[in-house]
Amino acid sequence: MQLYQSQTLKIHNSLSGKKEVFKPLNEGHIGMYVCGPTVYSNVHLGNCRTFMSFDMIFRYFKHLGYKVRYVRNITDAGHLVDDAEDGEDKIAKKARLEKLEPMEVVQRYTVDFHNILQKFNFLPPSIEPTATGHIIEQIEIIKDILDKEFAYEKNGSVYFDVSKFNEKHEYGKLSGRKLEDMISNTRALNAQEEKKNPQDFALWKKAEPQHIMRWPSPWGDGFPGWHLECTAMSTKYLGETFDIHGGGMDLKFPHHECEIAQAEASNGQSPVRYWMHANMLTMNGKKMAKSTGNNILPGEIFSGDNNILSKPFSPSVVRFFMMQAHYTSILDLSNDALLASEKGHHKLMDALDAIDHLESSNSSDFDIESWKNDCYAAMNDDFNTPILIAKLFDAVKFINIAKEGKQSISAPDKIILKEILCGFVFEVLGLEGKTDEAADSDKLSGVVELLIQLRKDARDNKDFATSDKIRDQLASLGIQLKDGKDGTTFSVL
RNA sequence: GGCAUCGUGGCCGAGUGGCUAGGCACAGCUCUGCAAAAGCUUGUACAGCGGUUCGAAUCCGCUCGAUGCCUCCA
């Protein structure tokens, strides 16, 4: 019996705008696709938040006992810079500026992306396909859509015919837009004269002679449109209809809308059963943007090399900070917020360490069953990690009281408490304990124990000047002494 | 201008038509040589204006503000 059989999970489906009971297409198995990064620069912190939300969701599915195929692509081709760039591929553009091969740029930033995600303790997806590795599949889909007459060719490019599609299908159902509104609101843009209608989008773009990234196709040398790769890769690995498609809120339109259109045009069915969208990250109340300087790279948070935050913060603290907000809410990052999260994170980890040292008793003053149910109820309610964390702090409080000997816990309950707590903290939330390896070093703890002993001697002799000196010096090194009933312990901050 | 997601106490951030979120900060107390840590106790809310209701911060309308998107841009 798997855990998921006893849990009812609800997911907010962007398509319906409602929370729906989640039932996978095939019992026990879940197919999930998340739009990955474009690897033409360092990964954006906001992007990390989106991926982290889906990492948590992936982790919870696995925790529930589901077999999950999680596909997250790497976009290494297909994005255009803007109209002024004459249809030049974004990656090719950057490559010329830096005098690098396009694939060299892709490699550099793919490595950066993986490095940062590893620091954040992400689980790797099941498949991480690249757009350039699926050109053939994309061409096949274009052929299919052309056959069904939902697309047309013009001068070596192929465009999706939105108006025609809209006659039999509903273009705009995900983002709540109506084609008529879009038509009346369209701005005048350059280089659109090939399209029948401004709403049409490219499935295949003809490559100009200077364009480096190019592939042969039935319509001449060119490259695929941006929306197509996700359709090709998601359906290839997950089937024509699959359970979950996720991404940032910003991708809802046009990207995800176009994905729906492409899939419905090519195989007649709606590709995704549950659409999930993660919300944006702001900093100091404003959107993060390089142009205004209101921007920070993940690596700069970890190193402290920035003029926005007062100190470095560990990846796990940043993760804890992000998990304290619901994935569908806008989250605001600030120095104060990170400082608060750091303290909360530390308190949580200290309590986890303390469980093993609790005395077992014949009975428990803590209702483990009902607490455990509350934890699962929080996660089952559209992955409500803030509520889960609030529940975890109920346990933290109990552990601290029990540590003082004021309440008790039975031996079996102690095992369950630890198992559930660790399960949620490490497995589901993906947090990490003491990252400072020094804390585990025998040498360090030997030295600190010695100092604690010396301080105790000084205190016994009422030599408080010496005892305070030891305490304060250690504190300035980031080692905190805690005087308890049964002597002094320490923790490395 | 249109569409979408929001607007909660000093800060971050959940939630609900009437019943404690939680973390951090602040104050008092316990413990302590003094602190720290931990515990206990307490305070400050639901953008504004209308409406529905016995009752709304929670539902509806409008206003203001934030963020994203509006065709090739995460």
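Side chains are part of it too, since the values below use all heavy atoms of this structure and drop only hydrogens, waters and symmetry mates. Fair warning: this is a prediction, and the values are worked out from it, not measured in the lab. Just so it is clear: chains get the letters A, B, ... in the order the sequence lines come, proteins before strands, and each one is counted from 1.
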Would you mind listing every salt bridge (Lys or Arg N to Asp or Glu O under 4.0 Å) that reaches into residues 324-333 of chain A, with sequence neighbours excluded?
none
Test side-chain hydrogen bond (donor to acceptor under 3.5 Å, both in side chains) applied to A:Ser217 - qualifying residues, sequence neighbours left out:
A:Trp204
Only counting residues at least two apart or in another chain, list the ones meeting side-chain hydrogen bond (donor to acceptor under 3.5 Å, both in side chains) with A:Asp336.
none
I want to confirm an ordering. Mapping A:Phe464 and A:Leu281 to their closest nucleotides on RNA chain B, which one lands closer to the 5' end?
A:Phe464
On RNA chain B, compare the nucleotides closest to A:Arg459 and A:Met288; which residue's is nearer the 5' end?
A:Arg459
Same-atom distance ([atom1]) from [N] to [M], integer angstrom:
{"N": "B:C31", "M": "B:C24", "atom1": "P", "answer": "23 Å"}
{"N": "B:U52", "M": "B:A57", "atom1": "C1'", "answer": "16 Å"}
{"N": "B:G17", "M": "B:A56", "atom1": "C1'", "answer": "6 Å"}
{"N": "B:C69", "M": "B:G10", "atom1": "C1'", "answer": "34 Å"}
{"N": "B:A37", "M": "B:U8", "atom1": "C1'", "answer": "31 Å"}
{"N": "B:G65", "M": "B:C49", "atom1": "C1'", "answer": "15 Å"}
{"N": "B:A45", "M": "B:C26", "atom1": "C1'", "answer": "16 Å"}
{"N": "B:G7", "M": "B:U16", "atom1": "P", "answer": "12 Å"}

Does a distance-only test, which skips hydrogens and angles, find a donor-acceptor pair under 3.5 Å between the side chain of A:Asp460 and the base of B:G33?
no
Could you list, one pair per line, each protein nitrogen or oxygen that sits under 3.5 Å from a nitrogen or oxygen of nucleotides 25-29 of chain B, together with the distance?
residue: B:A25; atom: OP1; partner: A:Lys343; partner atom: NZ; Å: 2.7

If you draw a 6.0 Å radius around NZ in A:Lys10, do more than 12 non-hydrogen atoms from other residues or ligands fall strictly inside?
no
Is atom NZ of A:Lys252 surrounded by more than 12 heavy atoms (other residues, nucleotides or ligands) closer than 6.0 Å?
yes
Side-chain donor-acceptor contact under 3.5 Å, A:Asp76 with A:Tyr109
no
Where does RNA chain B form stems of at least three consecutive Watson-Crick or G-U wobble pairs, each pair having both distances below 3.5 Å?
B:1-7 with B:64-70, B:10-12 with B:22-24, B:27-30 with B:38-41, B:47-51 with B:59-63
Hey, can you pull the residues of residues 253-262 of chain A with a non-hydrogen atom under 4.0 angstrom from RNA chain B?
A:Phe253, A:Pro254
Can you check the [X] [atom1] to [N] [atom2] distance for me, whole Å?
{"X": "A:Tyr171", "N": "B:U71", "atom1": "OH", "atom2": "P", "value": "10 Å"}
{"X": "A:Met349", "N": "B:G23", "atom1": "CE", "atom2": "P", "value": "16 Å"}
{"X": "A:Asn294", "N": "B:G68", "atom1": "CG", "atom2": "C1'", "value": "15 Å"}
{"X": "A:Leu338", "N": "B:C24", "atom1": "CG", "atom2": "C1'", "value": "12 Å"}
{"X": "A:Lys287", "N": "B:C69", "atom1": "NZ", "atom2": "C1'", "value": "11 Å"}
{"X": "A:Asn284", "N": "B:A66", "atom1": "CG", "atom2": "P", "value": "16 Å"}
{"X": "A:Gln199", "N": "B:C3", "atom1": "CD", "atom2": "P", "value": "16 Å"}
{"X": "A:Asp483", "N": "B:A36", "atom1": "CG", "atom2": "P", "value": "11 Å"}

Just by modelled atom types, is the A:Arg459 backbone N or O under 3.5 Å from a matching donor or acceptor in the A:Ser467 side chain?
no
Per atom distances to the A:Arg471 side chain, the nearest of B:U71, B:A35, B:U67 is B:A35
Counting side-chain heavy atoms from C-beta on, which of B:C72, B:G22, B:U67 comes nearest to A:Ala390?
B:G22
Quick test of your reading: applying ring-ring contact (aromatic ring centres under 6.0 Å, His included), list the pairs with at least one residue in residues 382-408 of chain A, sequence neighbours left out, ordered by first then second residue.
A:Phe61-A:Phe383, A:Phe366-A:Phe398
[atom1]-[atom2] distance between [X] and [Y], expressed to the nearest 0.5 angstrom:
{"X": "A:Thr50", "Y": "A:His277", "atom1": "OG1", "atom2": "NE2", "value": "10.0 Å"}
{"X": "A:Leu444", "Y": "A:Leu477", "atom1": "CG", "atom2": "CG", "value": "9.5 Å"}
{"X": "A:Asn400", "Y": "A:Asp350", "atom1": "CG", "atom2": "CG", "value": "8.0 Å"}

Applying the side-chain hydrogen bond (donor to acceptor under 3.5 Å, both in side chains) criterion to A:Tyr159, which one of A:Glu194, A:Lys196, A:Lys195 satisfies it?
A:Glu194
State whether A:Lys482 places a side-chain N or O below 4.0 Å from either non-bridging phosphate oxygen (OP1 or OP2) of B:A38.
no
Compute the centroid of each ring, for A:Phe51 and then for A:Phe113, and state whether the two points are separated by less than 6.0 Å.
yes
Suppose we call two aromatic rings close when their centres sit under 6.0 Å apart. Are A:Phe54 and A:Phe122 close by that rule?
no
Please enumerate all residues that pass ring pair (Phe, Tyr, Trp, His ring centres under 6.0 Å) together with A:Phe58, with sequence neighbours excluded.
A:Tyr70
Readout for nucleotides 39-46 of chain B: B = base within 4.0 Å of protein heavy atom, S = sugar-phosphate only, - = neither; 5' to 3' it is SS------
Reading nucleotides 4-18 of chain B from 5' to 3' and marking B where a protein heavy atom lies under 4.0 Å of the base, S where only the sugar-phosphate is that close, and - otherwise, the string is SS-----SSSSS---
For A:Ile308, enumerate each residue passing the side chain to side chain contact (heavy atoms under 4.5 Å, CB included) test, keeping only those at least two apart in sequence or located in another chain.
A:Met283, A:Asn284, A:Ile296, A:Asn306
A:Phe313 six-ring face occupied by A:Lys311 cation (under 6.0 Å, within 45°)
yes
The criterion is salt bridge (Lys or Arg N to Asp or Glu O under 4.0 Å); which residues satisfy it with A:Lys397, sequence neighbours excluded?
none
